[in-house]
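Each remark here refers to the structure printed beneath this line.
Heavy-atom basis, side chains included; hydrogens, waters and symmetry copies ignored.
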Amino acid sequence: PESLHASFVAQRPEAMWVPLPETPTGGLALEALGKVRSLLERASALLAGPGLGTDRETQSLLRETLSLYTGPVLLDADALQPELLTDISSPERLVLTPHAGEYQRISQGVDPQTFAEKNPSVLVLKGTHTRVLQADQSYHCLGGSTVLARGGSGDLLAGIIGSLLAS
């Protein structure tokens, strides 16, 4: 959001920041779509969710952005909304990285294997032991622990996977 731009630049001058119009509650406004659209052709991947919030207008901005962008997309945190996932064309380009609570929100009560069989997206189910599922493939990472169950560790994982999608 535009109101946070100066403080973000001061804290992390090495990062690239794009100030976007915001809603009265501080979310990203749909008005930002023009600026986002102008940047999409330069993007090799998108990551959305961490810190996004659930403001209706922000979710609308994300929905519109995803309808315009055709490359690989990672959705995490607040971007993992059932109504958003049903609107996405080409779901095979998605990587979804929910923790247990977020998975319950998007899964409509089906177990992860069934979800993966019915959805062409890659599902990275975060937990003490992370599971990566896609159709008839399943991988388990047994190297994690409850130490990873703290704020920000999932955001870091999303960033790592997002950077791999972009390369």
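- For Glu64 (side chain) and Gln59 (main-chain N/O), no donor-acceptor pair under 3.5 Å exists by modelled atom type.
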In residues 26-39, what donor-acceptor pairs under 3.5 Å come from side-chain atoms, sequence neighbours left out?
{"from": "Lys35", "atom 1": "NZ", "to": "Pro19", "atom 2": "O", "distance (Å)": "3.0"}
{"from": "Ser38", "atom 1": "OG", "to": "Lys35", "atom 2": "O", "distance (Å)": "2.6"}

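- Crowding of Arg105 atom CZ: a count of heavy atoms from other residues, nucleotides or ligands under 6.0 Å exceeding 12.
- Of the inter-residue distances, the one linking Leu40 atom CG with Leu68 atom CG reads 6.5 Å to the nearest 0.5 angstrom.
- Put simply, the side chain of Glu102 gets close to the backbone of His99: a donor and an acceptor are under 3.5 Å apart.
- Between Ser153 and Leu156 there is no side-chain heavy-atom pair separated by less than 4.5 Å.
- Using a distance-only test at 3.5 Å, with no hydrogens or angles considered, a donor-acceptor pair links the side chain of Arg93 to the main chain of Gly71.
- Considering every non-hydrogen atom in both Lys126 and Gly154, the closest pair reads NZ-CA, 3.8 Å.
- Hydrophobic cluster membership is shared by Leu94 and Leu52, with clusters built from Ile, Leu, Val, Met, Phe, Trp and Tyr side chains linked at under 4.5 angstrom.
- Annotation: side chain of Ile106 is not in contact with side chain of Gln81 (no heavy-atom distance under 4.5 Å).
- A search for side chain to side chain contact (heavy atoms under 4.5 Å, CB included) contacts involving Val124 returns Val95, Thr97, Val122, Thr130, Val132, Leu157, Ile161, not counting sequence neighbours.
- Using modelled atom types, one finds no donor on one side chain facing an acceptor on the other under 3.5 Å when comparing Glu92 with Ser121.
- Between Ile88 and Leu75, some side-chain heavy-atom pair lies under the 4.5 Å cut-off.
- In this structure, CG in Asn119 is found 8.0 Å from CG in Leu85, a value given to the nearest 0.5 Å.
- Evaluation of the ring pair (Phe, Tyr, Trp, His ring centres under 6.0 Å) rule for Phe115 yields Tyr103 as partners, not counting sequence neighbours.
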